Amino acid sequence: MSTIDFKAEVDKRREAMMADLFTILSINSERDDSLADKEHPFGPGPVKALKAFLEIAERDGYQTRNIDNYAGELEFGDGDEVLGIFAHLDVVPAGSGWDTDPYTPVIKDGRLYARGASDDKGPTMACYYGLNIIKELGLPVSKKVRFVLGTDEESGWADMDYYFEHAGVAKPDFGFSPDAEFPIINGEKGNITEYLHFPGANDGAVVLHKFEGGLRENMVPESATALISGDLDFDQLSEALRTFNADNNVTGEVSQDSEGNIAITINGKSAHGSMPYKGVNGATFLANFLKPLAFNGAARTYIDVIADVLHEDFEAEKLGLAYTDDKMGSLSMNAGVFSFLKEAKDNTIALNFRFPQGTDEKVLKAGLEKVVGVEKVTLSDHLQSPHYVPADDPLVTTLLSVYEKHTGLKGHEQVIGGGTFGRLLERGVAFGALFPDSIDTMHQANEFSDVEELFTAAAIYAEAIYELIK
Ligand code: ZN
Ligand code: ZN
C-alpha cells in the first residue's frame with residue numbers, strides 16, 4: 001500500500017472540508033412533490049443541493065455535468081476502466097424532535113448536527129475530499145473516476161433510472177457507494193412483497209367484520225384490530241384476553257359498541273421488516289387470540305392462515321420456503337399489512353421477503369399459491385434481486401485492507417436485507433461512512449456525524465480510491 005500519509009493530507013484540508021459541508025447541509029433538500037415540475041423533478045431542494053455541489057467541484061477544477069437536475073457527475077483521471085462512486089444529496093424529511101435547526105449545521109462536543117450529516121452529505125463530502133487529495137497531489141492514475149450525485153435515493157431511485165437512461169455513458173466497471181457503513185456491505189438480499197388474496201364472506205356463529213393491522217410492508221405491525229359479532233360473552237372474552245396478554249407478553253384491549261359489535265386490539269412492537277424477529281407482530285398474535293372462536297367461510301381461512309402458517313415464522317419454514325445461502329444467509333419474511341373487510345371481495349395479507357441468491361420471487365409465489373384458502377398471489381412491482389460481490393473480488397479485498405490500515409480493526413464481509421446504491425453496479429458495494437461503534441442516527445431527529453470520524457473516512461476514501469485507480 002501507498003506511503004502517502006493520507007491522514008495528514010486530510011488534516012491540511014479540515015477547515016475547507018467543513019466549510020463546503022456546511023454549505024451543502026444548509027440546503028433543505030427534502031423531496032417535495034407539491035413543488036415538483038419539469039425543471040425540478042423532485043422539487044427545488046434537491047436541485048439546489050446538486051447545483052451547489054457541482055459549483056464546488058467546478059471551483060476545484062473538475063469537469064462536471066448536470067443531467068437535467070436528476071443527477072450530477074464529476075470526472076477525474078483517464079483510462080479504459082471506470083470506477084463509479086454513487087452518493088446522494090437528497091435527505092429524508094427532518095421531522096420533529098430536533099434540539100437544533102436541522103438545516104443550520106452546528107458542531108457540539110465533536111458532533112456535527114444537521115439533517116444529512118451522516119446520510120449522506122457528510123460521507124459524500126468526505127469521499128469528495130478523498131478524491132481531491134489524489135487530484136491535488138497529482139498522483140498518477142490509470143483509470144477514470146466517475147463521481148455520481150443522486151437526488152432521489154431516499155424515495156424511489158428515479159434519479160438513477162434517469163441517469164443511466166440519459167447520461168449517455170456506459171455503466172462504470174466497478175464501484176462503491178459511501179452511503180452505509182464500514183467495513184463494507186458486499187451483499188444485499190433480494191426484496192419482494194407478495195400479496196395473499198382472500199374473499200370476505202362469512203356468516204358463522206361468530207362473524208369477522210374487519211381485521212386490520214400494519215402501516216407498511218417493510219415494518220412489523222405494531223398493533224392490529226378486529227371487529228367481530230355473534231355468539232359471544234363480552235366478560236368471558238375480556239377475561240380470555242387478559243390471560244392471553246399475560247401469557248404472550250403483549251397488551252391489548254376489548255370494547256363493545258351499542259350494537260353489540262366487539263372490537264379487539266392487540267399491541268406488539270414494531271421493527272424493521274428486514275429483521276422481523278426483532279418485533280412482536282400484533283396482527284399474528286391477534287389472529288391467535290381469535291382462532292378458537294366459531295368463524296366460518298372466508299373468516300375461518302383468513303384467521304387460520306395467519307395463526308397457523310404466518311405466526312412467528314420469520315423464515316417461512318411452515319410455508320416450505322425457508323432458504324439459506326452460505327454467503328448471504330437466510331431468507332426472512334415479514335407479514336406486514338393485513339386488510340380484511342367482510343363486504344370486500346378482495347382482502348389481502350402483504351408478505352415482505354428478503355431473500356438470498358438461490359431462491360427467487362417465482363419460487364416464493366408458487367409456494368404461497370399452495371396455501372389452503374388463498375385465492376391468488378400477486379407481486380409488488382418493486383422487485384430487487386439479490387446482489388452479491390464475492391469476498392475475494394479485488395474491489396472487496398482492496399477496500400477492506402485500506403479500512404484495516406486506517407482503523408486497526410479487522411475487516412469482514414457483510415450482507416444486509418436493505419438496499420444501497422452499491423447494487424447499481426454488478427461489481428458494486430457500499431463502503432462507509434458509519435464506523436462499527438458509531439451511533440447510527442440516520443433518518444432520526446438530531447442526526448449527527450462525529451467530526452473526527454468524517455476526517456478518518458476522508459483519509460480512507462482517499463487511499464481507497466487511489467488504490468483502486470492507480
Ligand atoms: Zn443514504
Ligand atoms: Zn437514507
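Both counts, for ligands and for their atoms, begin at 1 and track the order of listing. Side chains are part of it too, since the values below use all heavy atoms of this structure and drop only hydrogens, waters and symmetry mates. The model shown is predicted, which means the values in this text are computed figures rather than measured ones.
- A cation-pi geometry, defined here as NZ or CZ lying under 6.0 Å from the six-membered ring centre and within 45° of its normal, holds between Lys135 and Tyr62.
- Ring planes of Phe182 and Tyr461: tilted class, angle from 30 to 60°.
- For a distance bound of 2.8 Å, the N, O or S atoms of Glu154 include one lying that close to the Zn ion (ligand 2).
- Taking the Zn ion (ligand 1) as reference, Asp119 places its N/O/S atom OD1 nearest.
- The distance from the Zn ion (ligand 2) to the nearest N/O/S atom of His443 is under 2.8 Å.
- Residue Arg31 forms a side chain to side chain donor-acceptor pair (under 3.5 Å) with just one option from Thr151, Asp90, Asp152, and that option is Asp152.
- In this structure, Asn288 contributes its side chain and Thr284 its backbone to a donor-acceptor pair below 3.5 Å.
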